[in-house]
Colleague: 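The structure that follows is given in the form of structure tokens.
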Amino acid sequence: MSAEKLSFEDFEPGRRFPLGPKLVSAGEIIEFASEFDPQPMHLDEAAGRASLLGGLAASGWHTSAMLMRMMADSYILNALCEGAPGIDLMEWRKPVLAGDTLQGHSTVLEARPMRSRPGIGIAKFRHEVENQRGELVCLSENSVMIRMRPAPGISMSPEITA
């Protein structure tokens, strides 16, 4: 990560950020499912093969969590992000199976200053994640609140930089 974090002004519409690659292991699928989504197709290879998913498959919620981690590693942890107001779209298009490698990109769709919070902008992203066969497994859209650069000559207060 660079010393200077990305600010709202760095998130112009059309800018793309790479996601992944992320190898998905059977162990992590089972671990996530055991705690958060204990359905048989997420816990047992045979049950997964017998299901319409075709193998030990990550929960859609696990796929979303892996997307979040890839976003964090790609740009969120290196930006002045202030969280997100929600998710507009989350589609799990194909099963994510043990042994799959995920990768993709996040694209800035639009960016605008927030009227209700001076000094903060909101950038809307579209996230596309594919498996190693180039199949779209996850499609998502959401907005992220990001601090703007301070005006020249104005230092950021500690509560803003913390």
Side-chain angles (χ1 to χ4, degrees), residues 1-8 10-111 120-147 161-162:
M1 282 192 265
S2 67
E4 178 140 345
K5 293 197 175 240
L6 298 171
S7 63
F8 170 75
D10 297 310
F11 291 89
E12 301 106 12
R15 184 167 182 183
R16 289 173 68 149
F17 295 88
L19 301 173
K22 163 73 175 105
L23 176 63
V24 184
S25 73
E28 73 181 284
I29 289 174
I30 293 168
E31 182 179 354
F32 185 95
S34 294
E35 186 165 355
F36 300 109
D37 192 354
Q39 297 181 72
M41 69 286 252
H42 305 316
L43 294 170
D44 179 75
E45 177 68 40
R49 276 195 312 274
S51 77
L52 61 91
L53 301 177
L56 181 65
S59 162
W61 300 112
H62 185 190
T63 300
S64 297
M66 290 185 283
L67 167 60
M68 182 67 222
R69 181 58 198 231
M70 289 188 288
M71 291 164 42
D73 291 345
S74 179
Y75 56 92
I76 288 178
L77 295 176
N78 193 36
L80 298 173
C81 290
E82 292 289 333
I87 296 174
D88 301 316
L89 173 72
M90 179 59 72
E91 295 181 359
W92 304 312
R93 297 279 185 94
K94 292 229 180 241
V96 172
L97 302 175
D100 278 354
T101 299
L102 305 180
Q103 61 185 8
H105 58 271
S106 294
T107 305
V108 180
L109 297 178
E110 57 188 63
I120 295 179
I122 193 154
K124 183 172 184 177
F125 290 86
R126 180 179 184 95
H127 316 286
E128 298 177 47
V129 179
E130 298 178 340
N131 62 22
Q132 67 278 5
R133 291 177 297 282
E135 299 168 327
L136 186 65
V137 298
C138 180
L139 177 65
S140 180
E141 290 183 4
N142 77 294
S143 297
V144 177
M145 296 176 289
I146 308 166
R147 287 211 176 267
T161 59

Colleague: What I want to find out is whether Glu110 reaches Lys124 closely enough, with some N-O distance under 4.0 Å, to be called a salt bridge.
Modeller: no
Colleague: For Gly60, is there any backbone N or O sitting under 3.5 Å from a side-chain donor or acceptor partner on Trp92?
Modeller: yes
Colleague: Heavy atoms, side chains only, cut-off 4.5 Å: are Glu82 and Arg147 in contact?
Modeller: yes
Colleague: When you measure from the side chain of Ser74 to the backbone N and O of Pro18, does any donor-acceptor pair fall under 3.5 Å?
Modeller: yes
Colleague: Kindly say whether Ser7 contributes a backbone atom to a donor-acceptor pair with the side chain of Asp10 at under 3.5 angstrom?
Modeller: yes
Colleague: For Glu135, does the CD atom sit with more than 12 other heavy atoms under 6.0 Å from it, leaving out its own atoms?
Modeller: yes
Colleague: Mind telling me whether Phe125 and Phe17 have parallel, tilted or perpendicular rings, with 30° and 60° as the class edges?
Modeller: tilted
Colleague: Quick one: do Val96 and His62 satisfy side-chain contact (heavy atoms from CB on, under 4.5 Å)? Show the steps, please.
Modeller: CA-CA 9 Å; Val96 172; His62 185 190; over 6 Å; no
Colleague: What distance separates Leu102 CG from Arg69 CZ, expressed to the nearest 0.5 Å?
Modeller: 14.5 Å
Colleague: Ala26 and Leu56: which non-hydrogen atoms are nearest, and at how many Å?
Modeller: CB-CD2, 3.6 Å
Colleague: Nearest 0.5 Å, what's the CZ-CE distance between Phe8 and Met145?
Modeller: 13.0 Å
Colleague: Return the CD1 to CD distance between Ile30 and Glu45, rounded to the nearest 0.5 Å.
Modeller: 8.5 Å
Colleague: Under 3.5 Å, is there a donor-acceptor pair between the side chain of His127 and the main chain of Ser140?
Modeller: no
Colleague: Going by heavy atoms in the side chains, are Ile146 and Ile120 under 4.5 Å from each other?
Modeller: no
Colleague: List the steps and the verdict of side-chain contact (heavy atoms from CB on, under 4.5 Å) for Val24 and Thr101.
Modeller: CA-CA 6 Å; Val24 184; Thr101 299; over 6 Å; no
Colleague: Between CG of Asn142 and CE of Met90, what distance do you get to the nearest 0.5 Å?
Modeller: 7.5 Å
Colleague: How close do Ala84 and Ser143 get, heavy atom to heavy atom, and via which atoms?
Modeller: CB-O, 3.2 Å
Colleague: Might you work through the side-chain contact (heavy atoms from CB on, under 4.5 Å) test for Leu109 and Glu141, ending with a clear yes or no?
Modeller: CA-CA 9 Å; Leu109 297 178; Glu141 290 183 4; 4.0 Å; yes
Colleague: Would you give the length of the straight line joining atom CD of Glu128 to atom CZ of Arg93, rounded to the nearest 0.5 angstrom?
Modeller: 8.5 Å
Colleague: State the CE-CE distance between Met70 and Met66, to the nearest 0.5 angstrom.
Modeller: 7.0 Å
Colleague: Can you give me the closest heavy-atom contact between Phe11 and Leu6, atom names plus distance?
Modeller: CE1-CB, 3.8 Å
Colleague: Quick one, Leu19 with Leu67, criterion side-chain contact (heavy atoms from CB on, under 4.5 Å). Give me CA distance, side-chain angles, the key distance, then yes/no.
Modeller: CA-CA 8 Å; Leu19 301 173; Leu67 167 60; 3.8 Å; yes
Colleague: Going by an N to O cut-off under 4.0 Å, is there a salt bridge joining Glu28 and Lys22?
Modeller: yes
Colleague: Does Leu97 offer a backbone N or O that forms a donor-acceptor pair with the side chain of Asp100 under 3.5 Å?
Modeller: yes
Colleague: Which atom names give the shortest non-hydrogen contact between Thr107 and Arg16, and what distance separates them?
Modeller: OG1-CG, 3.4 Å
Colleague: Where is the tightest heavy-atom contact between Ser106 and Met71, given as atom of each residue plus distance?
Modeller: OG-CG, 4.0 Å
Colleague: For Glu12 and Val108, work out which heavy atoms get closest and say how close.
Modeller: O-CB, 3.4 Å
